[in-house]
Amino acid sequence: MSLINHHLTDALLMAYSAGTLPEAFSLVVATHISMCDECRARAGSFDSVGGQLLDSASGEALSDDALAATLRLIGGAAPEPRAPSTRRAPSTFPLPLQDYVGGDVDAVRWKRLGGGVRQMILPSSSDASVRLLYIPGGAAVPDHGHRGTELTLVLQGAFRDETDRFGVGDIEVATEDLEHKPVAEPGVACICLAATDAPLKFNSMIPRMLQPLFRI
Amino acid sequence: MNITGKTDAQGALGAYSATHHVCVRVPGKVQLTKKDESASPQWAAEILAIRDRQDQVAFARLFQHFAPRIKGFLMKSGTPADVAEDCAQEVMATVWRKAALFDPSRASASTWIFTIARNKRIDVVRRERRPEPEDLPWGPEAETDQEDALALEQENERLSKAISALPEKQRNLIQRAYFGDLSHRELAEETGLPLGTIKSRIRLALDRLRHEMK
Ligand SMILES: [Zn+2]
């Protein structure tokens with residue numbers, strides 16, 4: 001956990017806390033926070049901002065029987081007891097990601113992209129997309145630039161690009177000005193969770209033609 | 001007041017210690033030397049009373065304070081009044097049902113209630129799923145440290161004052177961000193909010209939890 005060097009930005013954490021991020025980005029943020037106590041604490045501090053804004057918000061009067069109606073919703077039930085915490089078997093994917101995949105890494109239904117690279121697109125709202133990427137050790141992810149923002153979170157292995165090395169738990173936040181060429185480190189395959197709020201533009205002809213086919 | 005745009009822990013800590021002398025740190029422990037008289041009532045106690053005794057009077061006090069604010073908050077986020085009213089009632093019902101999940105050493109009462117209201121807005125207004133981080137396991141010590149909870153509450157008091165002391169334009173931006181008027185692309189990388197101490201405090205609580213789970 002202390003090995004994480006690349007974290008979420010304040011803008012992403014604030015938008016996640018405010019509840020305004022596209023679902024695809026929220027999944028990457030929630031997965032990183034599951035792996036990173038530093039960002040969990042930072043997210044908590046942004047939630048505190050929301051709490052203070054709520055506390056100082058001007059109230060709107062409720063209907064006269066609002067409290068009674070709420071008590072009817074509760075229906076006399078006691079507060080739910082806290083579920084006993086059980087130690088979970090170690091996994092490659094944190095729980096929020098497992099919810100979207102339907103299990104851990106062995107449950108992924110990979111689709112081949114060529115060159116040993118595979119992906120699985122995960123369901124999310126249409127304002128952004130999110131997918132799992134499998135890049136064999138030593139292989140390059142197709143060269144691409146960005147419109148919009150792209151988040152790449154490493155779940156297994158590591159990749160390098162022009163900027164730095166990214167290992168398990170590290171997140172790269174790339175904006176339009178970054179034209180990069182990530183390459184998986186030799187050895188174990190690199191598995192990443194990647195979200196973007198714009199279709200990636202590929203620099204070579206063939207991947208561009210394949211784009212509609214694979215929804216890259 | 002730290003309005004220089006510094007958000008790193010050191011910068012904000014420095015800015016805090018220059019202007020406030022409420023907390024004195026001794027190794028490994030937080031000591032309160034003075035209780036802030038203007039501190040808001042401890043809503044945390046109300047939530048714990050609901051958890052422990054199903055205290056309806058405590059719930060009514062909590063409801064009176066928070067339900068109109070939740071409704072106002074949702075209306076400012078563009079929710080129609082009748083939907084906002086229903087949501088406020090459902091949020092308060094969730095506060096009752098989930099009272100056992102409230103941990104005052106990691107979030108103040110208003111912070112915790114804010115997160116429930118925010119999730120309700122995503123669910124009802126945006127009709128989207130909200131991926132949430134994996135829960136940390138609860139330590140064997142179910143009771144949180146009173147001093148930690150009080151210290152966090154005081155940090156929230158200060159944060160509140162810091163927000164109201166921000167220049168109008170900046171405060172406006174932050175409000176718009178939380179009311180859902182700004183996308184993540186429109187947010188500045190430097191928020192200018194002095195969040196260093198509050199983050200450090202939550203981090204301490206997380207570290208202790210991790211330690212207890214070893
Ligand atoms: Zn992090």
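Throughout, a chain's letter reflects where its sequence line sits, starting with A, and its residues are numbered from 1.
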- Message: Can you tell me how far apart OG (A:S34) and CD (B:E132) are? Round to the nearest 0.5 Å.
- Response: 9.5 Å
- Counting only heavy atoms closer than 4.5 Å, note whether B:S160 contacts chain A via side chain, backbone, both or neither. both
- Task: Go through the atoms of A:E38 and report whether side chain, backbone, both or neither lie under 4.5 Å from a heavy atom of chain B.
- Result: both
- Task: For the pair B:E128 and A:D127, evaluate side chain to side chain contact (heavy atoms under 4.5 Å, CB included) and give the outcome as yes or no after the intermediate values.
- Result: CA-CA 11 Å; B:E128 279 185 20; A:D127 45 358; 4.0 Å; yes
- Task: List the steps, then state whether side chain to side chain contact (heavy atoms under 4.5 Å, CB included) holds for A:E23 with B:I122.
- Result: CA-CA 10 Å; A:E23 183 185 355; B:I122 295 171; over 6 Å; no
- Heavy atoms only, distances under 4.5 angstrom: which of A:L12, A:L73, A:L62, A:L71 has the most pairs with chain B? Name it, please. A:L62
- Distance col, row B:R158:CZ vs A:Q52:CD, nearest 0.5 angstrom, shows 12.5 Å
- Item | Region of B:L152 that comes under 4.5 Å of a non-hydrogen atom in chain A | neither
- Message: For a side chain to side chain contact (heavy atoms under 4.5 Å, CB included) check, start with the C-alpha distance between B:F59 and A:L67, then their side-chain angles and the critical distance, and finish with the verdict.
- Response: CA-CA 9 Å; B:F59 183 72; A:L67 176 57; 3.9 Å; yes
- Name the member of B:R127, B:E186, B:R126 that forms the most heavy-atom pairs with chain A at distances under 4.5 Å. B:R126
- Task: Side chain from CB out, backbone as N, CA, C, O: work out which of these in B:M92 comes under 4.5 Å of a heavy atom of chain A, or both, or neither.
- Result: both
- Check each atom of A:S124 against the heavy atoms of chain B and say whether the ones under 4.5 Å are side chain, backbone, both or neither. neither
- Query: Hey, which of A:V28, A:L21, A:I33 has the most heavy atom pairs under 4.5 Å with chain B?
  - Reply: A:L21
- Message: Counting neighbours of CG on A:D64 that are heavy atoms of other residues, nucleotides or ligands and sit closer than 6.0 Å, is the number greater than 12?
- Response: no
- For A:V29, is it the side chain, the backbone, both or neither that has a heavy atom under 4.5 Å from a heavy atom of chain B? neither
- Query: Do you know the tightest heavy-atom contact between A:G76 and B:Q54?
  - Reply: O-OE1, 4.5 Å
- Note on the structure: Heavy-atom closest pair (B:R51 atom, A:P79 atom, distance to 0.1 Å) is CA-CG, 4.3 Å
- With chain B, the option among A:D99, A:T9, A:D47, A:L97 that has the most non-hydrogen atom pairs under 4.5 Å is A:D47
- Message: Has A:R42 got a side-chain atom pairing as donor or acceptor with B:L195's backbone, closer than 3.5 angstrom?
- Response: no
- Note on the structure: Under 4.5 Å to a heavy atom of chain B? For A:T31 that would be neither
- Donor-acceptor under 3.5 Å (A:R82 side chain, B:A100 main chain): yes
- Between B:F66 and chain A, which part of the residue has a heavy atom less than 4.5 Å away: side chain, backbone, both or neither? side chain
- Check step by step if side chain to side chain contact (heavy atoms under 4.5 Å, CB included) holds for B:L74 and A:E60. CA-CA 10 Å; B:L74 291 170; A:E60 287 284 337; over 6 Å; no
- Max heavy-atom pair count under 4.5 Å with chain A, selected residue of B:H65, B:Q56, B:Q89: B:Q89
- Query: Minimum heavy-atom separation for B:P133 to A:P96, with atom names?
  - Reply: CA-CG, 4.3 Å
- Query: When only pairs under 4.5 Å are counted, which of A:A43, A:P81, A:A57, A:A11 shares the most heavy-atom pairs with chain B?
  - Reply: A:A11
- Task: Sort out for me which of A:S125, A:G75, A:P94 touches chain B most, counting heavy-atom pairs under 4.5 Å.
- Result: A:S125
- Note on the structure: Rounding to 0.5 Å, atoms CZ (A:F93) and CD (B:E134) come to a distance of 13.0 Å
- Looking only at heavy atoms, the pair that brings A:F46 and B:Y178 closest together is O-OH, 2.8 Å
- Task: Could you check if a side-chain atom of B:I174 sits within less than 4.5 angstrom of a side-chain atom of A:L53, using non-hydrogen atoms only?
- Result: yes
- Is B:R69 reaching over with its side chain to a backbone N or O of A:D55, donor-acceptor style, under 3.5 angstrom? yes
- Task: Give the member of B:G72, B:A67, B:A84, B:P131 that has the highest number of heavy-atom pairs under 4.5 Å with chain A.
- Result: B:P131
- Heavy-atom distances under 4.5 Å only: say whether A:A61 touches chain B with side chain, backbone, both or neither. backbone
- Has the side chain of B:R210 got a donor or acceptor atom that lies under 3.5 Å from a matching backbone atom of A:D37? no
- Between CZ on residue B:R201 and OG on residue A:S45, distance to nearest 0.5 Å: 13.0 Å
- Which heavy atom in A:S48 sits nearest to a heavy atom in B:N156, and how many Å separate them? CB-OD1, 3.4 Å
- If only atom types and distance count, is the side chain of B:W96 paired as donor or acceptor with the main-chain N or O of A:A77 below 3.5 Å? yes
- Query: For B:H184 and A:F25, which heavy atoms make the closest approach, and how far apart are they?
  - Reply: NE2-CE2, 3.3 Å
- Message: Working to the nearest 0.5 angstrom, can you tell me the gap between A:L27 CG and B:R129 CZ?
- Response: 8.5 Å
- Query: What part of B:R185 lies closer than 4.5 angstrom to a heavy atom of chain A: side chain, backbone, both or neither?
  - Reply: side chain
- Message: Counting heavy-atom pairs under 4.5 Å with chain B, which one of A:A69, A:S56, A:A41 comes out on top?
- Response: A:A41
- Query: How many angstroms lie between OG1 in A:T20 and CZ in B:R176, if you round to the nearest 0.5 Å?
  - Reply: 12.0 Å
- Residue part contacting chain B, namely of A:L13, when any heavy atom lies under 4.5 Å: neither
